[in-house]
Amino acid sequence: MEKIKMITPLVEMDGDEMTRILWKMIKDELLLPFIDLKTEYYDLGLEHRNETDDQVTFDSANATKKYGVAVKCATITPNAARMEEYDLKQMWKSPNGTIRAILDGTVFRAPITVKGIEPCVKNWKKPITIARHAYGDVYKASEMKIPAAGKCELVYTAKDGTETRELIHEFTEAGIIQGQHNLNDSIESFARSCFNYALDTNQDLWFATKDTISKKYDHTFKDIFQEIYEKEYDEKFKAAGIEYFYTLIDDAVARIMKAEGGFIWACKNYDGDVMSDMVSSAFGSLAMMTSVLVSPEGYYEYEAAHGTVQRHYYKHLKGEETSTNSVATIFAWTGALRKRGELDHLPELSTFADKLEKACLSTIESGKMTKDLALITTLEQPTVLNSENFIKAIRETLEELL
């Protein structure tokens, strides 16, 4: 079979630990034998980020602006333990946070559903898509440790030098403080991305924050969504037979547990981070979720929504066998390849992506799966495969489909 040709490269962002091992296996077994793969490669492994003072992360995001489509492996966001483990120059920020801040837009995450893996929430019949704002809040926050008694204020200095002050807290002892921000332009982009995605996928859209407590910060999100909806989308939604509504985040959590699914749940940055893990885990596994950042300028960055699978990596380093689920990482590649095919008018590339996804699901439905799925499947006597053999089983299925 002749390899599928590509025109424009994908931006390829390599990552860390076990997902880095899977990344190479996926390329070697599932991509390179079938595609004349063109990528512009960036090593976002923690060692290389440290060597380049994190410049490689900025370069990869700017390359995504140039080429339009990126695919990213899971990466480590260092904490104090990682600082010591990797002998880092400093505690580098989340690569995802940096990339999302540069590209803006919204992260859409949806569970990958497959026969034999039933949701923990019994009434969930259809996937729930999380739309996560990709800029600001805690991910761009400034923080301070307050050593002793003193006064902390928010200070806004206008260009003409006039100041507006708001007391945060009068400390009587040591404590901590954090300053968050967001931008109206970014919130507007987030709103439009959510409304457009709802129309594209013909799904209801929920948006939830905590405006009753955060009467300026969260309330601004609520007001911007409502204003844009009324001006630009109300009639379009009615014509499509879909609904938009706002509710408090705690109300949304309660309602979602009794819903059937089949809608988009829009969340602020941190809420979306937490709730996407809850939704994916309740649908079956953190390794069974798609994630794509869609920017208003039309840039797309596909990734797995889970971490670097550190525990399996340490087992791998000891020479022990692992059974690590690679489906979300494979679907990051298929999402990027399909979008590249659409943008470059290469239907054969998009069709290959569809078939590779089908091969993943068919392999699992035939009873061949990794340990995380075998523990929760309703299929009788599943065959548990190690990390490499699961990818090889998918290749066998793919070759039959091709």
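What you see is a predicted model, and the numbers here were worked out from it, not measured in a lab. Along the sequence shown, residues are numbered consecutively beginning with 1.
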Is the backbone N or O of Tyr197 less than 3.5 Å from a side-chain atom of Thr201, with the two atoms forming a donor-acceptor pair by type?
-> yes

Heavy-atom side-chain contact between Thr75 and Arg49 under 4.5 Å | yes

Between Trp333 and Tyr302, is the ring centre distance below 6.0 Å?
-> no

Scan Ile242, Ile256, Leu205, Thr129 and name whichever one has a side-chain contact (heavy atoms from CB on, under 4.5 Å) with Phe263.
-> Ile256

Separation between CD (Gln381) and OG1 (Thr383), nearest 0.5 Å, reads 9.0 Å

Smallest heavy-atom separation, Leu22 atom then Asn325 atom, equals CD1-O, 4.3 Å

Side-chain H-bond candidate by donor/acceptor type, Glu47 with Tyr86, under 3.5 Å | no

Under 3.5 Å donor-acceptor, Asp16 side chain and Leu46 backbone = yes

Which of parallel (below 30°), tilted (30 to 60°) and perpendicular (above 60°) describes Tyr244 and Phe237?
-> perpendicular

Hey, are Glu365 and Lys358 close enough for a salt bridge, meaning a charged N less than 4.0 Å from a carboxylate O?
-> no

Cationic N near anionic O, under 4.0 Å, Glu12 to Lys72 = no

Closest approach of Val279 to Trp124 (non-hydrogen atoms, all atoms of both residues) = O-CZ3, 4.1 Å

Taking 4.0 angstrom as the limit, do Arg100 and Glu303 come out as a salt bridge?
-> yes

In Asn96, Thr77, Asp273, the residue satisfying side-chain hydrogen bond (donor to acceptor under 3.5 Å, both in side chains) with Tyr139 is Asp273

Glu166 atom CD, over 12 foreign heavy atoms within 6.0 Å | no

Could you walk me through whether Lys24 and Asp28 pass salt bridge (Lys or Arg N to Asp or Glu O under 4.0 Å), step by step?
-> CA-CA 6 Å; Lys24 186 175 186 309; Asp28 288 348; 2.7 Å; yes

Verify the distance criterion only: is there a donor paired with an acceptor across the side chains of Tyr299 and Glu301 at less than 3.5 Å?
-> no

Does the ring centre of Phe225 sit less than 6.0 Å away from the ring centre of Phe195?
-> yes

Return the minimal non-hydrogen interatomic distance between Ala304 and Ala332, and the atom names on each side.
-> N-CB, 4.0 Å

Non-hydrogen side-chain atoms of His133 and Ser193 separated by less than 4.5 Å | no

Hey, is Glu227 close enough to Lys231 for a salt bridge, meaning N to O under 4.0 Å?
-> yes

Thinking salt bridges, do Arg132 and Asp271 make one under a 4.0 Å N-O criterion?
-> no

Apply the salt bridge (charged side-chain N to carboxylate O under 4.0 Å, His left out) test between Glu342 and each candidate in Arg340, Lys339, Arg338; give the one that qualifies.
-> Lys339

Val69 and Ala336 have their tightest heavy-atom pair at CG1-O, 3.6 Å

